[in-house]
Amino acid sequence: MRHSNDPITLSLFDLLKAGPGPSSSHTIGPMAAGADFAGRAAALAPDIQAAAGGLRVRLLGSLSATGKGHGTGPAVVGGLTGCAPDACAPSLLRRAADPRASLFLTLPKGRNIPLGPQSIEYGPVRHKHPFNNTLIIELLDAPYPPVRTGSDSPAYDAGDKGRRLPPPDGTGQVQACTDAAVDIGNVLFSMEYYSTGGGFIRWKGMKREKQRRPPHPYADMKAFKARCAESGLGLDELLIENETALTGERPEDIVAKLDKMLAIMRDTVLRGCSAAGTLPGSIGLRRKAAVLHERARSLAPFDRALCLFNAYAYAAAEENAAGGLIVTAPTCGASGVVPAVLMFMEEQLGLDLKARRRGLAAAALIGFIAKHNAGIAGAEVGCQGEIGVASAMAAAMLAHARGFSVQVVENAAEIALEHHLGLTCDPVGGYVQIPCIERNAVGAITAYNAALIACNENPVSHKVSYDEVLRAMAEIGRDMNAKYKETAAGGLAVCLVEC
Ligand code: SF4
């Protein structure tokens, strides 16, 4: 949660990323960290590679608290095999969860290091690292987990949060566990990663890259509107000019990438609308999208429209919960909202590809400004930053696709977010299922209603700006108790178990 006057320099495709569900911070981010580590390890000096014998991943904070429900372990392991999130097939994550599968970290100048769920250690939920979602990946000179002799106490137990090895002492020598002296060898190379939400990662010691400066700099909505007025450019035209300058890509390539994201989101909804069965995890939650989609046919027009809206959102959110390919918008947990509104725009409102593409650019703008000035991760600001921002993005998308002014786009986003303020992140069992899936449907319909209000009110009579509602969200997020920030330690997550 911060406000920086530095201009926003994110790429559209930093925010709109394709990857496997169910969580951008707990799945896509850790997978990206694993893939980054794999690249660095493969480039280590030959003698270090030759000495390597094992690998340990330590998950801390919310990654430890809800990592199992979110598939964090398989995601890191999948990344360590060298697979990037947008190339990940669900079968890789299934194999990465299987201790018998043959998966390896490839070291060209050394041995291939075996990987699996046994590589993962679930560490303390409370820790002193600068970001809640921290993971530490260590290349060791001995196999991991260590082979125990009969007299050893079980110092390591993946999944048992009560028995942990302490952190390295900073010298590279791993300290002995307090309750058993099990030698896991020396750390040859390690990286401390932070999964900061929306699939973004940072690492300890990361230097700020020298960014190209966008031709139309803005750090908030007020500045963005000023840049539009000065340049005479429309919202999406300005974003494409900035994207071209920041990435060096040609406008036609950027348009093609936006269309690819639209196509992936459409596919996600279609897959979800035809899938049946039970979602992974211990809740035993049955998929509902196909039933809603089928029943919508027999309903009266108004109910039919709402039921289809729900079906589309459920479809994408259920695909996310099942580990399917989704697009973060802005996160995995909230990845059903924008696709649901997009599908509604296409199938029910007849808005063409060009309009939907323009709309998607507006959605990204709203997500950029939220990330820059408040936060988009449940672990940082609660669900207001995920479903709330997704709803704001979708409302802006619809307003812009229908040709309304930037002021109306802003108002639509503001209305949608305003009514999600204070929303906690309390996933039952740590799975991105309850309340997440239903919440995507509610967020999508709120987005539609917010756009409807904004497009039919006098835009200049609107009192609250998007920048102001983001300031409120940041403050609420700061004050929100940690148990309501993706730890599954409070709210619905606890009450449902007690009921
Ligand atoms: S409750 Fe909201 S923020 Fe938390 S995991 Fe679910 S969708 Fe994400």
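Note that ligands are numbered from 1 as they come in the structure, with each ligand's atoms numbered from 1 the same way. Residue numbers start at 1 and run along the sequence shown. No experiment lies behind these values; they were computed from the predicted model shown.
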*CZ of Arg271: more than 12 outside heavy atoms within 6.0 angstrom?*
yes
*Give me the protein N, O or S atoms that fall under 2.8 Å of atom 6 (Fe) of ligand 1, sorted by chain and residue number.*
Cys436 SG
*Should the heavy atoms of other residues, nucleotides or ligands under 6.0 Å from CD of Glu438 be counted, would the total exceed 12?*
no
*In Å and rounded to the nearest 0.5 Å, what is the CG to CZ distance from Leu351 to Arg357?*
13.5 Å
*Hey, can you tell me if Phe309 and Phe344 have their rings parallel, tilted or perpendicular (30° and 60° cut-offs)?*
parallel
_Ion pair Glu346/Arg266, N-O distance below 4.0 Å_ = yes
*Which atom names give the shortest non-hydrogen contact between Leu360 and Met397, and what distance separates them?*
N-CG, 3.9 Å
